[in-house]
There are 2 protein chains.
Amino acid sequence: MDVSVKGEYALRAVFELSRQGRPEPVKIAKIAERQKIPQKFLEMILAQLKQGGYLGSRRGVDGGYFLARPADQITVGDILRQIDGPFQPAKRPFADEPMDSPFPEMWDRVERALSCVIDRTTFADLVERWRQRRVKGVPNWQI
Amino acid sequence: MDVSVKGEYALRAVFELSRQGRPEPVKIAKIAERQKIPQKFLEMILAQLKQGGYLGSRRGVDGGYFLARPADQITVGDILRQIDGPFQPAKRPFADEPMDSPFPEMWDRVERALSCVIDRTTFADLVERWRQRRVKGVPNWQI
DNA sequence: CGAATCCCTAGTAAAATAGTAGGGATTCGC
DNA sequence: GCGAATCCCTACTATTTTACTAGGGATTCG
């Protein structure tokens, strides 16, 4: 019941892109450095997020990655599902197995509970909360 | 974000023990057969649940496993944590990394949401729901 | 005793995870 | 058009985890 490192990296990367509202592309190298992610690994992750339609990119000298849509229209659930696959807590009823069991219903509850958090938390939310804490919290600069 | 097969087996085994309220031990072989679990694998799982204090056992001719306490005092969360380990959705803040991030707070929300289901669902609940559905013949009315 | 059962230690094939390596394709300023 | 900067693509790999299997040892009880 945990998120892969790859999934975490993906979230951090999208957060990094959301943080700077500007539409200019951000280079892989920059994201990797700021979020402490191995660059080559990050390349694969970003490619996957692009093909999911969450990011866009531009090559060349002023190239980089950028959000394909506003941060308030991308949720944590979107990204996690794109990277780690759909998380059904347990395999759905075995095809051959008629064993009626009380678990599928419970897994549904789990899935709904989870969804209430991850599918309702957008990156705009994350940035906002982070800014809030920034202001009245540790005066630890950065950007 | 999924439960291991081992975890599922553990849940099914404890459910099987909860189902027959009787205090007589149930043999591994019986549980394995009724829940379609590889017997030798199940042995390891049950041993783990016993050492967690959830089950008791008796050897010999009328031996078997039994719940170490009433089914309404064992939750799904208990069993999953014992088998799959504590599920923190993502690693807690990296010790060396001061990078203040908006994610720990979100992971807390996830954990709480999850807990609301799995730590409040006892095996007594599961058995009861399962009996209910049994009675009225799976009318399958969903949402 | 001896049959039935749980108990314990090891081993292992396959898959998933977390990367690395090396170069190819675009873009853009000049 | 050249070349530097950047993204893009395919393949490889070491490590860990998963889902078991094997083989016997220790208890219990009639």
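Given the structure is predicted, the values throughout are model-derived calculations rather than measurements. Sequence lines set the chain letters: A, B, ... in the order given, protein chains first and strands last, and positions in each chain run from 1. FYI, side chains are in, hydrogens and waters are out, and symmetry mates aren't considered; it's all heavy atoms of this structure.
Atom CZ in A:Phe41 sits about 14 Å away from atom P in C:dA21, given to the nearest Å. Atom CG of A:Leu42 is separated from atom C1' of D:dT6 by 14 Å (rounded to the nearest Å). For the pair B:Phe66 CZ and D:dT28 C1', the interatomic distance rounds to 13 Å; values are reported in whole Å. One interatomic measurement links the two molecules: CD1 of A:Ile31 to C1' of D:dC7, which rounds to 12 Å at whole-angstrom precision. C:dC6 atom P lies 14 Å from atom CG of B:Leu49, rounded to whole Å. Between the P atom of D:dC7 and the CG atom of A:Leu46 lies a distance of 8 Å, rounded to the nearest Å. As a whole-Å value, the separation of B:Glu8 CD from D:dC20 P is 11 Å. Taking atom CD of residue B:Gln39 and atom P of nucleotide C:dC7, one finds them 13 Å apart after rounding to whole Å.
Checking B:Tyr65 against A:Gly7, the closest nucleotide of DNA chain C that is more toward the 5' end is the one next to B:Tyr65.
Here A:Tyr9 reaches the OP1 or OP2 of C:dG19: one of its side-chain N or O atoms lies under 4.0 Å away. When the side-chain nitrogen and oxygen atoms of B:Ser57 are compared with OP1 and OP2 of C:dC7, one or more of them lie within a distance under 4.0 Å. For the OP1/OP2 pair of D:dC8 and a distance below 4.0 Å, the side-chain nitrogens and oxygens of A:Lys50 include at least one atom meeting the criterion.
Heavy-atom contacts from other residues, nucleotides or ligands closer than 6.0 Å to CZ of A:Arg69 number more than 12.
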Stepwise, does the salt bridge (Lys or Arg N to Asp or Glu O under 4.0 Å) test hold for A:Glu16 with A:Arg12?
CA-CA 6 Å; A:Glu16 185 63 28; A:Arg12 302 229 299 259; over 6 Å; no

Please lay out, stage by stage, how A:Arg81 and A:Asp119 fare under the test salt bridge (Lys or Arg N to Asp or Glu O under 4.0 Å).
CA-CA 10 Å; A:Arg81 268 183 272 260; A:Asp119 291 329; 2.2 Å; yes

Applying side-chain contact (heavy atoms from CB on, under 4.5 Å) to B:Ile28 and B:Ile31, what does each step give before you reach the verdict?
CA-CA 5 Å; B:Ile28 292 176; B:Ile31 302 174; 5.7 Å; no

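Using a 4.5 Å cut-off on side-chain heavy atoms (C-beta onward), A:Tyr65 and A:Pro25 make no contact. Under the 4.5 Å side-chain criterion, counting only non-hydrogen atoms from C-beta, B:Gln20 is not in contact with B:Val127. Looking at heavy atoms from C-beta onward, B:Thr75 lies out of side-chain contact with B:Ile79 at the 4.5 angstrom threshold.
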Between protein and nucleic acid, restricted to nucleotides 9-11 of chain C and to nitrogen or oxygen atoms under 3.5 Å apart, what atom pairs and distances do you find?
none

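No donor-acceptor contact under 3.5 angstrom links the side chains of B:Asp72 and B:Thr122, judged on distance only.
Using a 4.0 Å heavy-atom distance criterion, A:Ile28 is classed as a sugar-phosphate-only contact. In this structure, A:Lys30 reaches neither bases nor backbone, as no heavy-atom distance under 4.0 Å exists between it and the strands shown.
Between atom CG of residue A:Leu42 and atom CG of residue A:Leu46 there is a gap of 4.0 Å, rounded to the nearest 0.5 Å.
With hydrophobic clusters built from ILVMFWY side chains whose heavy atoms lie under 4.5 angstrom apart, B:Val3 shares a cluster with B:Val5. Cluster annotation: B:Val61 and B:Phe66 are assigned to distinct hydrophobic clusters (Ile/Leu/Val/Met/Phe/Trp/Tyr, side-chain heavy-atom contacts under 4.5 Å, transitive).
Scanning all heavy atoms of the two residues, the minimum distance from B:Ser18 to B:Phe123 falls at OG-CB, 3.4 Å.
Consecutive Watson-Crick or G-U pairing (both distances under 3.5 Å) extending over three or more pairs maps onto DNA chain D as C:1-30 with D:1-30.
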What does nucleotides 22-30 of chain C look like as a protein-contact string, B for base, S for sugar-phosphate only, - for none, at under 4.0 angstrom between heavy atoms?
BBBBBBS--

